[in-house]
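First listed ligand is number 1; within each ligand, the first listed atom is number 1.
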Amino acid sequence: MAKLFTTIIITITLISKHFFVVFPVVSGANAGLSRDLAALFSFSFSITNDPQGVLHSWSSPEIHTCNWTGVTCHPVKDRVVQLDLSGRDLEGVISPAVANLSFLAVLDLSGNFLSGRIPPEIGSLSRLKQLSLSSNLLVGAIPIELGFLRRLVYLDLGGNQLNHRIPESLFCSCSSLQYMDLSNNSLSGEIPLGNQCRLLDLRFLLLWSNNLVGPIPSSLANSTKLEWIDLESNYLSGELPSKIFDKTPFLQFLYLSYNNLTSHGGNSKLEPFFDSLVNCSRLQELELAGNSLGGEIPASIGSLSNLVQLHLEENFLYGPIPPNISNLVNLTYLNLSNNVLNGSIPPDISRLKKLERVYLSNNLLSGEIPVALGELPHLGLLDISGNMLSGSIPENFSNLTQLRRLMLHNNRLSGRLPPSLGNCVNLEILDLSYNQLTGRIPGDVAALSSLKLYFNLSNNFLEGSIPLELSKMDMILALDLSSNNFSGKIPPQLGSCIALEYLNFSSNALRGPLPRSIGGLPYLEVLDLSSNLLEGAMPESLKASSTLKLLNISYNNFSGIVPEEGVFALLTMDSFLGNPGLCGSISGMSECGTTSKRVHSMILPILVTLISTPCILCFCVYPLARKSRSRRSQLRPFFQRTVSVEDAEEGRQPDYPRISYQQLADATGEFSELNLIGSGRFGQVYKGTLPDETTRIAVKVLNPKTGVDISKSFKRECQVLKRTRHRNLIRIITTCSKPDFKALVLPLMPNGSLESHLYPLNAATGSGLSLVQLVNIASDIAEGIAYLHHYSPVRVIHCDLKPSNVLLDEDMTALVSDFGIARLMSGGADENNESIDSSSSCISTTGLLCGSVGYIAPEYGMGGQASMQGDVLERIQHRNLIRITGFKALVLPFMSNGSLESYLHPQAQQYSSAAQLRLLERSN
Ligand SMILES: *[C@@H]1O[C@H](CO)[C@@H](O)[C@H](O)[C@H]1NC(C)=O
Ligand SMILES: *[C@@H]1O[C@H](CO)[C@@H](O)[C@H](O)[C@H]1NC(C)=O
Ligand SMILES: *[C@@H]1O[C@H](CO)[C@@H](O)[C@H](O)[C@H]1NC(C)=O
Ligand SMILES: *[C@@H]1O[C@H](CO)[C@@H](O)[C@H](O)[C@H]1NC(C)=O
Ligand SMILES: *[C@@H]1O[C@H](CO)[C@@H](O)[C@H](O)[C@H]1NC(C)=O
Ligand SMILES: *[C@@H]1O[C@H](CO)[C@@H](O)[C@H](O)[C@H]1NC(C)=O
Ligand SMILES: *[C@@H]1O[C@H](CO)[C@@H](O)[C@H](O)[C@H]1NC(C)=O
């Protein structure tokens, strides 16, 4: 017998292209193990790609089979009892030979790229307790033979492409099953649990996201140990069961959303279903959304006192919200949106002190917003939009300090905006549009600089001027004040809202010119100023904008020539209607005449062009007469957060020291090689001394020939440097920019870069950094990066953190530098589908690989999005920095900041591994 196997092994070795194996010739002493060896070998032969090299040990003659990666043997019988190759990225098919591992109790091949069908031979593994083939690319039907696995406790075939019906044998013969997960496949037909079949031990039944039809089988009532039922996203039909869940006292999670289920009494009574749940005292989550269920929400819902999440949205529930919903004191998530509920919001809802997210939108709720809602200490999201709520916004919403999203739009709210809303310092979205609000925008509300996504006040009766405080919203993406009665001028300070992509001031009574700072907003895509009383010429900055896609200035009093460049080349007459003073070449617009008016209107652009041509005078604004100032003030960041009115109106960069190309050339000895202190992909860095003989500078000259868009990189670095102020981040003194020359002027760091200390060119000088210095440096870097990630006005992802980008000043304080490829992030914590998609929150740097080779975070190499984790991963992976004691410990805590999303979308469907662990403990 053993001889036969040896022959087989040798044959296979000869034909194997993938594994060069010199197999140990197993003696006849253990025929069983040699049989296992043959099976494992056949198994490995059908694996075509093993990127992690996990099967290397399988081909090493020195390593005993029982010590191969993923293989576990019985301690006494010396037979393979477990094959666990989960999450190893293996490609290929599952060889039927695994069926010859006749002592196998655990077969876990989940999380690979295995394709083909599930071999029916697996059904002969009579000792198998756990079978996990989830998250692969398996196709075809589930083999009927799996029903022969009488001892099977745990079956997970989820996340494949399996189709056809579920074999009845699975439900009828695998009588030991505790965990069954067939979710996320394309299985069809009914759930095959006939009356004759019983799964007495079943605790987890996960069939979500398939194409299952028919009713929820009533014989599920025999499975009295059920804890977790997830049948979501199928086509199950029939009435909600009323005689199953009264027999499942251990039920914790019941997910029946997105099916075709109805309520009793011709889809009019939910009582029978809810009454059957009254003894499910452990029920935590109940999801019935998207079923077209009719009926009122029964009062008995109040008995589900352990409920944490309740999802009843997208049904046809009518009638009032029952007051005893306030018994659900453990509720954190309540979603009743998109129904036809009427009546008022029960004030007793304030008893639900744990509520974090409340969605009551798109119903017919009326009455006032209960003041009691302001007493929910953990409320993070309140969406009561799309109802008929009247009265004013309660003053005490100011108590909702955790509130991130407040959506009250499309109601009949009146009165003034309470200034106390300004206390909601975590707000990211504030949508009050389509109401009947009056009065001015209170300064405190306009100063809500936490707003990240949008601030929408459109379609109200608000008046007064646009508050200057809005300029503090420097993370906001969209600002909509349209269709109100706002008057006065557009404040130029709004140019500080640098993340803005969408700005709508249409249909108000705004006057005066359009400030050029608005056209200069770096990410602006949509600008709608139509139907106001604005006047004057189009600012040059609009023409120069590379991001603007949509501009509407119709029905104003704008005058002068409409340029043909930039966004203007894409626009039609619709954008300019009702401005009799405008002329230009756009079809339908009056040609610019030959009157003196035309000459006049051309002088300005020519002058502007002349002045802004930096070849003549290299952009230089501020005399070096100020050079006698102390070094400290020279290094002051030139961008002040609160721009003064005067500066902004003149469009001048405040506090911007003047320096010319010639002065830089003089300072660096005509950019002499002797002064070259560094060079990289983006250009060279020269040291120099300003004419005052005291200020030592580093001049970073960006290389125009790198092929990447240099002005983009320059602009980005300027933007980042302008917006950041931190002890551990390099600051900028000034910039010098002309078409063929762009340079940043930075303070010279006497101690050079961290790299020069870690890898000294002259080994004799040694690293010289003491452990204390290293720890301090690591801590400085962490502080700087944490600031960029979490506290700077615009979130910044550095993308290229490495020792050469860390500079050391005279007392060895580390400063992070080189933001040339940094990403500005406007949102950060936003990946859910209901908000702006994440791609819009990062600048695209086409053709630019993020990071430097050797320091690149793995996800960037795969074309992933820039992420904060990327910055940190880069550091951790770098062998020299991980050696700096304490570095990991210093960086990681900053990342553990739970994002809003992590608590808005907890757990999801990631329970299976936890469930698996628990099960294995028990079935031992
Ligand atoms: C497996 O490896 C361990 C440690 O590497 C060794 O002690 C043991 O003897 C090996 N077992 C067999 C069966 O070779
Ligand atoms: C399993 O072992 C038997 C011999 O016991 C052999 O005939 C058969 O081919 C093996 N099955 C597979 C799929 O390798
Ligand atoms: C199993 O459930 C079916 C349907 O509810 C029922 O007819 C049958 O009697 C149950 N069997 C047992 C043993 O409880
Ligand atoms: C709930 O439990 C009580 C007491 O254990 C019992 O009397 C009642 O019939 C049960 N209700 C349901 C619907 O099973
Ligand atoms: C689900 O129900 C709707 C209306 O009740 C019906 O139009 C639809 O065909 C049903 N879908 C399936 C797959 O049964
Ligand atoms: C809400 O804030 C007001 C003052 O702004 C305070 O008097 C009241 O006690 C707070 N209510 C709660 C429930 O914290
Ligand atoms: C308010 O404005 C934001 C940003 O433009 C938009 O996403 C949102 O849908 C608007 N709200 C309504 C009710 O239209």
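- Contact between Leu288 and Ser257 at its shortest, heavy atoms only, is N-OG, 3.4 Å.
- Remark: Cys497 SG to Leu451 CG distance equals 10.5 Å, nearest 0.5 Å.
- Within 4.0 Å of ligand 7, the residues that place a heavy atom are His409, Asn410, Asp431, Ser433, Tyr454, Asn456, Ala478, Tyr502, listed by chain and number.
- To the nearest 0.5 Å, atoms CD1 (Ile498) and CE (Met475) are separated by 11.5 Å.
- The aromatic rings of Tyr359 and Tyr333 are tilted relative to each other, their planes meeting at an angle between 30° and 60°.
- Ion pairing between a basic and an acidic side chain is recognised when a charged N comes within 4.0 Å of a carboxylate O; Lys472 and Glu469 show no such pairing.
- Heavy atoms only, all atoms of each residue included: Leu328 and Leu352 are closest at O-CD2, 3.1 Å.
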